[in-house]
Engineer: 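Quick one: the structure is below, and I'll ask about it shortly.
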Amino acid sequence: MAKLCGACPVPASSGKTSRHRLNRGGNRQANAALYRVVIVRMRAHQPTLDYVRRRTAEGKSKPEIIRCLKRYVAREIFGYLCRPAHPPQTATATP
């Protein structure tokens with residue numbers, strides 16, 4: 001799912017730095033949707049605000065935080081997609 005949306009990490013290291021960047025491939029519309037979800041969450045979703053505050057204190061930049069959040073949202077969406085559509089229904093006997 002993350003690779004399809006272009007949110008999977010790709011090594012982008014040079015010299016002594018060890019970093020990752022987002023994959024440039026994938027579906028642009030899905031990537032744009034992930035970006036919008038992350039931006040809205042960064043403005044109004046309290047657990048995301050706490051995460052951003054913690055990562056900023058660790059020295060991460062805003063693009064790096066957005067990259068991490070996009071991967072997290074892609075995993076979360078994939079979990080919803082893999083769920084069964086309807087819970088199994090039990091047969092009820094009618095007299």
Side-chain angles (χ1 to χ4, degrees):
M1 173 71 179
K3 189 166 187 171
L4 173 69
C5 295
C8 65
V10 176
S13 304
S14 63
K16 294 181 181 179
T17 60
S18 176
R19 333 178 273 114
H20 291 84
R21 67 172 176 81
L22 290 180
N23 185 359
R24 296 273 184 199
N27 187 333
R28 288 183 178 188
Q29 290 177 332
N31 193 358
L34 277 179
Y35 181 79
R36 286 186 194 105
V37 169
V38 167
I39 295 302
V40 169
R41 279 188 171 196
M42 287 175 69
R43 291 181 183 162
H45 189 239
Q46 190 58 44
T48 304
L49 290 170
D50 296 338
Y51 177 82
V52 169
R53 196 172 299 118
R54 181 172 51 88
R55 296 295 277 197
T56 304
E58 292 175 3
K60 299 287 183 187
S61 65
K62 187 174 177 179
E64 289 174 326
I65 295 169
I66 290 172
R67 174 181 51 82
C68 295
L69 285 170
K70 283 172 74 172
R71 282 198 340 256
Y72 177 78
V73 170
R75 283 192 302 262
E76 188 176 349
I77 291 171
F78 184 72
Y80 287 121
L81 291 176
C82 290
R83 285 186 187 172
H86 299 287
Q89 296 180 1
T90 58
T92 57
T94 55

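Side-chain atoms are counted along with the backbone in the values below, which use heavy atoms only and exclude waters and symmetry mates.
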Engineer: Quick one: closest heavy-atom pair of M42 and L69, and the distance?
Structural biologist: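 Nearest pair, atom of M42 first, then L69: CG-CD1, 3.8 Å.
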
Engineer: Hey, what do you get for CD1 (I66) to CG (L34), rounding to the nearest 0.5 Å?
Structural biologist: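 It is 12.0 Å, given to the nearest 0.5 Å.
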
Engineer: Suppose the criterion is salt bridge (charged side-chain N to carboxylate O under 4.0 Å, His left out): which pairs have a residue in residues 34-44, not counting sequence neighbours?
Structural biologist: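 For residues 34-44: R41-E76.
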
Engineer: Evaluate the side-chain contact (heavy atoms from CB on, under 4.5 Å) criterion for residues N31 and K70: first the C-alpha distance (whole Å), next the side-chain angles of each, then the deciding distance (0.1 Å), finally the verdict.
Structural biologist: CA-CA 9 Å; N31 193 358; K70 283 172 74 172; 2.5 Å; yes

Engineer: Hydrophobic clusters here meaning ILVMFWY residues chained together by side-chain heavy-atom distances under 4.5 Å, can you tell me if F78 and V73 are in one?
Structural biologist: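 Yes; V73 is reachable from F78 via cluster members.
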
Engineer: If the condition is side-chain contact (heavy atoms from CB on, under 4.5 Å), which residues does R54 pass it with, not counting sequence neighbours?
Structural biologist: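 With sequence neighbours excluded, R54 shows a side-chain contact (heavy atoms from CB on, under 4.5 Å) to Y51, E58, given in chain and number order.
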
Engineer: Tell me whether I65 shares a hydrophobic cluster with L49, the cluster being built from Ile, Leu, Val, Met, Phe, Trp, Tyr side chains joined at under 4.5 Å.
Structural biologist: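 Per the 4.5 Å side-chain linkage, I65 and L49 are not co-clustered.
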
Engineer: Would you say V38 and V40 are hydrophobically clustered, going by side-chain heavy atoms of ILVMFWY under 4.5 Å?
Structural biologist: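 Different clusters.
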
Engineer: Evaluate whether atom CD of Q29 has more than 12 neighbouring non-hydrogen atoms of other residues, nucleotides or ligands under 6.0 angstrom away.
Structural biologist: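 Count not over threshold, so no.
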
Engineer: With a 4.5 Å cut-off on side-chain heavy-atom distances among I, L, V, M, F, W and Y, is there a chain of contacts connecting Y80 to Y72?
Structural biologist: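 Result: no, two separate clusters.
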
